Q: 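Structure incoming, see below.
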Amino acid sequence: MDFAPRIVAWQRQHGRHDLPWQNTRDPYRIWLSEIMLQQTQVATVIPYYERFLQRFPDVAALAAAAQEDVMPYWAGLGYYARARNLHRCAQEIARDWNGRFPPSAEAIATLPGIGRSTAAAIAAFAYGERSPILDGNVKRVFTRHFGIAGDPAKREIEQRLWALADAQVEAAPGLDMAAYTQGLMDLGATLCTRGKPACDRCPVADTCVARREGRQAELPTPKARKAIPERETAMLVLQWRGAYLLQQRPEPGIWGGLWSLPEFDVAGDPGAASRALGLEPERHSALAAFSHTFTHYRLHVRPWWVEVRAASQVVGHPPSRWVAPDDLAATALPAPVKKLLLGLAQANAAHGTLF
């Protein structure tokens with residue numbers, strides 16, 4: 001039996017069948033799950049997916065919403081450009097496709113934030129289109145099974161993998177594309193894992209080059225490691241009558257569109273930084289420093305709690321607003337900032353003080 005039919009047979013018996021986005025042909029739900037699952041584990045995605053659908057049940061609802069209404073339902077998932085593209089994509093579908101999802105992988109790939117593999121997955125699950133996928137899990141399966149050395153992110157290696165992906169589909173007429181696509185995802189996520197692949201349970205182990213040659217740990221070829229740049233900033237936890245001052249992050253950029261704390265240079269003075277915003281500090285105190293790792297760098301944050309007098313109009317840009325502790329959970333905050341503020345709010349509530 002060829003590669004693809006064996007994947008399908010295994011998926012039907014051993015694959016995942018009860019995830020919230022399965023057992024549907026609705027391209028909107030499939031698209032939403034595919035975007036959320038990029039760089040994010042299934043267990044993390046499920047509650048976000050369910051909450052998002054409750055608020056935005058279809059493309060029309062998402063397209064009609066303001067971006068600031070969408071971001072709170074993504075806050076904590078990270079890679080926030082995904083949410084911005086998701087919203088733009090829905091608006092484009094409403095405007096250019098009469099509110100109906102494009103009918104092919106080629107057309108889907110023209111939408112914001114949707115690459116070739118994601119478009120193919122949506123088309124396979126929604127329409128049964130014979131378009132192969134090549135996400136991170138599938139690259140790992142293919143590099144091991146077919147013995148492809150070299151960084152999969154490099155163009156020449158990726159082209160070889162796409163050629164192999166196309167060949168497997170071409171060699172299997174009548175292939176159940178939904179089952180095959182899901183099977184590849186399941187195989188990479190559950191058996192052909194990075195650390196300890198379960199080769200004894202793999203449906204294609206007998207033809208796997210990496211297993212035959214004992215190269216599972218070598219493939220896929222790891223990227224050359226680079227030192228992660230270190231950056232640092234100071235944040236102002238400005239508090240007035242219990243509320244916290246938040247500023248909206250600019251787009252594009254890290255945390256773009258989310259509400260975060262005002263920042264200033266770590267060598268600066270929190271009092272002076274507060275006055276620069278048009279606020280008069282009464283007292284301040286250093287909070288515990290923390291770090292947050294992004295894709296391309298690690299950010300070290302030194303937060304300062306500052307209680308201010310009457311909050312007049314905050315000067316400068318970007319947009320600012322005061323947010324009460326009870327409204328923090330529903331505000332689109334970066335995960336580390338939300339953790340910091342919710343912790344402070346809980347401590348304040350427990351001790352009956354502002355700090």
Side-chain angles (χ1 to χ4, degrees), residues 19-21 26-97 99 101-102 108-119 121-122 125-126 135-136 246-261 292-297 299 318-321 323 327-342:
L19 297 173
W21 44 84
D26 183 350
Y28 173 71
R29 291 172 176 250
I30 294 166
W31 163 57
L32 176 61
S33 70
E34 289 297 318
I35 299 302
M36 284 189 167
L37 287 165
Q38 292 172 356
Q39 308 291 332
T40 311
Q41 294 184 348
V42 167
T44 301
V45 165
I46 288 175
Y48 279 91
Y49 176 81
E50 293 174 339
R51 284 195 298 268
F52 200 95
L53 278 180
Q54 287 176 356
R55 175 62 180 82
F56 310 105
D58 51 35
V59 169
L62 181 57
Q67 183 175 290
E68 63 183 20
D69 294 329
V70 176
M71 297 307 289
Y73 291 86
W74 198 278
L77 267 181
Y79 301 95
Y80 295 101
R82 294 183 298 173
R84 297 192 294 273
N85 283 330
L86 197 80
H87 185 234
R88 282 195 286 266
C89 187
Q91 293 178 323
E92 199 166 299
I93 291 171
R95 184 184 67 244
D96 300 337
W97 295 89
F101 223 86
I108 293 170
T110 66
L111 296 171
I114 301 181
R116 177 180 174 183
S117 183
T118 299
I122 296 168
F125 289 131
D135 65 8
L246 299 176
Q247 291 182 331
Q248 191 168 36
R249 301 279 301 191
E251 298 180 43
I254 296 299
W255 295 335
L258 300 188
W259 292 86
S260 189
L261 297 168
H292 185 75
T293 302
F294 296 96
T295 306
H296 302 298
Y297 69 91
L299 181 66
S320 301
R321 68 180 183 183
V323 178
D327 296 326
L328 290 172
T331 303
L333 296 165
V337 173
K338 176 173 281 191
K339 182 179 179 180
L340 169 65
L341 293 182
L342 288 177

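Being a predicted model, the structure only gives us computed values, none of them experimental.
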Q: Output yes when a side-chain donor or acceptor of Thr331 lies under 3.5 Å from a complementary backbone atom of Asp327, and no otherwise.
A: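 Checked: pair present.
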Q: Measure the shortest side-chain to side-chain distance between Cys89 and Ile114 over non-hydrogen atoms and say whether it is less than 4.5 angstrom.
A: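 Yes, close enough: below the 4.5 Å cut-off.
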Q: If you take all heavy atoms of Ala332 and Ala75, which pair is closest and at what distance?
A: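 Closest heavy-atom pair between Ala332 and Ala75: CA-CB, 4.0 Å.
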Q: Scan residues 252-261 for pairs that pass side-chain hydrogen bond (donor to acceptor under 3.5 Å, both in side chains), counting only residues two or more places apart or in two chains.
A: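 For residues 252-261: none.
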Q: Specify the closest pair of heavy atoms between Ala61 and Asp58, including all atoms of both residues, with the distance to one decimal.
A: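 That would be N-OD1, 2.8 Å.
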Q: Give the intermediate values and the outcome of side-chain contact (heavy atoms from CB on, under 4.5 Å) for residues Tyr28 and Ile93.
A: CA-CA 11 Å; Tyr28 173 71; Ile93 291 171; over 6 Å; no
Q: To the closest 0.5 Å, what do you measure between CG (Leu86) and CH2 (Trp31)?
A: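 The CH2 atom of Trp31 is 4.0 Å from CG of Leu86, to the nearest 0.5 Å.
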Q: Enter the distance from Phe101:CZ to Ile122:CD1 here, rounded to the nearest 0.5 Å.
A: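 The distance works out to 4.5 Å.
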Q: For the atom pair OG1 (Thr118) and CG (Asp135), what is the distance rounded to the nearest 0.5 Å?
A: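 Those atoms lie 7.5 Å apart.
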Q: If you compare all heavy atoms of Ala65 against all heavy atoms of Gln91, which two are closest, and at what distance to 0.1 Å?
A: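 Minimum heavy-atom separation between Ala65 and Gln91: O-NE2, 4.4 Å.
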Q: ring-ring contact (aromatic ring centres under 6.0 Å, His included) with Phe56: which residues, sequence neighbours excluded?
A: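 Phe52, Tyr73.
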Q: Using every non-hydrogen atom in the two residues, find where Arg82 and Met36 come nearest and quote the distance to one decimal.
A: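 Distance-wise, the nearest heavy atoms are NH1-O, 3.0 Å.
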Q: What's the spacing between Ile46 CD1 and Thr40 OG1 if we round to 0.5 Å?
A: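 So the CD1 of Ile46 and the OG1 of Thr40 are separated by 12.5 Å.
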Q: Report the residues that fulfil side-chain hydrogen bond (donor to acceptor under 3.5 Å, both in side chains) with Thr44, sequence neighbours left out, ordered by chain and then residue number.
A: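 Thr44 satisfies side-chain hydrogen bond (donor to acceptor under 3.5 Å, both in side chains) with no residue once adjacent residues are dropped.
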Q: side-chain contact (heavy atoms from CB on, under 4.5 Å) between Trp21 and Val42: does it pass, once the steps are laid out?
A: CA-CA 11 Å; Trp21 44 84; Val42 167; 4.1 Å; yes
Q: Got more than 12 heavy atoms from elsewhere within 6.0 Å of CD, Glu68?
A: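 No, CD of Glu68 has 12 or fewer neighbouring heavy atoms, counting only those of other groups under 6.0 Å.
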Q: Other residues, nucleotides and ligands only: do more than 12 of their heavy atoms fall within 6.0 Å of CZ on Arg29?
A: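 Count not over threshold, so no.
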Q: Kindly give the heavy-atom pair with the smallest separation between Leu258 and Pro334, and that separation in Å.
A: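 Reported closest heavy-atom pair: CD1-N, 3.8 Å.
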Q: Would Ile254 and Arg249 count as a side-chain contact (heavy atoms from CB on, under 4.5 Å) if you check the C-alpha gap in whole Å, the side-chain angles of each, and the deciding distance to 0.1 Å?
A: CA-CA 8 Å; Ile254 296 299; Arg249 301 279 301 191; 4.3 Å; yes
Q: Please give me the minimum heavy-atom distance between Gly257 and Glu251, naming the atom from each residue.
A: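 Answer, listing the atom of Gly257 first, then Glu251: N-CG, 3.6 Å.
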Q: Does Phe125 form a side-chain contact (heavy atoms from CB on, under 4.5 Å) with Glu34? I'd like the steps, not just the answer.
A: CA-CA 11 Å; Phe125 289 131; Glu34 289 297 318; 3.7 Å; yes
Q: What distance do Leu340 atom CG and Leu333 atom CG have between them, rounded to the nearest 0.5 Å?
A: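 Interatomic distance, Leu340 CG to Leu333 CG, rounded to 0.5 Å: 10.0 Å.
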Q: Please report the interatomic distance CG(Leu77) to CD1(Ile35), rounded to the nearest 0.5 Å.
A: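 Going from the CG atom of Leu77 to the CD1 atom of Ile35 covers 12.0 Å.
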